[in-house]
Amino acid sequence: MSSGIESSAPGWVNSLMETLGAPGAGIAIALENLFPPLPSEVILPLAGFAASSGQMGLVAVLLWTTAGSVVGALALYGIGALLGRDRTVAIAARLPLLKVADIERTEAWFARHGAKAVFFGRMIPVFRSLISVPAGVERMSLPLFLTLTTLGSAIWNTVFVLAGHTLGERWEDVTGYVSAYSKVVLAAAVVAVLLFAAVRLLRPGAGSRRG
């Protein structure tokens, strides 16, 4: 890969793709799922550009990156399943401002909307990885989880790989748009957390906790 690309993408990503080709892109995306700060918005367009320059096949990139997404998500699902409901409730009971009732409401919400949350969550920065954990905690049907994760991941990956493939040497333009999108999502999450904390602190008897 050219030095221009290497200067703007993590060195280990370049090394994986140069050494392994499309499977290297898949490994990078699997790691991105486990460590959300790793940038899929850089890895995917970069892989698309590599495909456009003939360094790897486009179909192979799409298949391997989607497989990597599923493997990473499955690992997080396993963590959630091992954690289980009892440990989750025990942890929640020790957290300030959080009540067991909050966990129960979350469980009820996930029971109603879990399928949509997993599918659409795969297309939201940061949450695209984290959504696999509650799916594991709630022991969502594994075939359903894998199906939804594969479909959601395939859409997300295809958009960014094709963007990099189409833009060619201007593949980095994609990261600017995704960065703005990520900031909006994170800002909304911060506002939601602050509102939750404010409601808890201002509500009469905020210090009490139900079992």
**OP:** Using the rule that two of Ile, Leu, Val, Met, Phe, Trp, Tyr join whenever any of their side-chain heavy atoms come within less than 4.5 Å, decide whether L144 and V71 are in one cluster.
**Re:** no
Only pairs under 3.5 Å count here: list side-chain donor-acceptor contacts from residues 116-126, not counting sequence neighbours, and write none if there are none.
unit_1: K116; atom_1: NZ; unit_2: H113; atom_2: ND1; d: 3.4
unit_1: R122; atom_1: NE; unit_2: S153; atom_2: OG; d: 3.0
unit_1: R122; atom_1: NH1; unit_2: N33; atom_2: OD1; d: 3.3
unit_1: R122; atom_1: NH1; unit_2: R128; atom_2: O; d: 2.4
unit_1: R122; atom_1: NH2; unit_2: N33; atom_2: OD1; d: 2.7
unit_1: R122; atom_1: NH2; unit_2: S153; atom_2: OG; d: 3.3

Original post:
How long is the gap from CE on M17 to CE on M56, to the nearest 0.5 Å?
Top reply: 5.5 Å
Original post:
F145 and A73: which non-hydrogen atoms are nearest, and at how many Å?
Top reply: CZ-O, 3.8 Å
Original post:
If you look at every heavy atom in A154 and T158, which pair is closest and at what distance?
Top reply: O-OG1, 2.6 Å
**OP:** Specify the closest pair of heavy atoms between M140 and A115, including all atoms of both residues, with the distance to one decimal.
**Re:** CE-N, 3.8 Å
**OP:** Please confirm whether the backbone N or O of L62 pairs with a side-chain atom of T65, one donor and one acceptor, at under 3.5 Å?
**Re:** yes
Subject >> Where I29 and G68 come nearest, the two heavy atoms and their spacing >> reply: CG2-C, 4.1 Å
Original post:
Once you round to the nearest 0.5 Å, how far does CH2 of W64 lie from CG of L20?
Top reply: 9.0 Å
Original post:
Should L63 and V61 be regarded as members of a common hydrophobic cluster, given that ILVMFWY residues are connected when their side-chain heavy atoms come within less than 4.5 Å of each other, either directly or indirectly?
Top reply: no
Subject >> Sole residue of I27, L44, I43 in side-chain contact (heavy atoms from CB on, under 4.5 Å) with E32 >> reply: I43
Subject >> Rounded distance (nearest 0.5 Å) linking atom CG of L76 with atom OG1 of T149 >> reply: 10.0 Å
**OP:** Find the distance between OG (S141) and CG (L146) and round it off to the nearest 0.5 Å.
**Re:** 8.5 Å
Original post:
Looking at OH of Y77 and CZ of R139, how far apart are the two atoms once the value is rounded to the nearest 0.5 Å?
Top reply: 6.5 Å
Original post:
Say you draw a straight line from CG of L142 to CG of L74; how long is it, rounded to the nearest 0.5 Å?
Top reply: 6.0 Å
**OP:** Say whether L58 and L16 are linked into one hydrophobic cluster, either directly or through other cluster members, by side-chain heavy-atom distances under 4.5 angstrom.
**Re:** yes
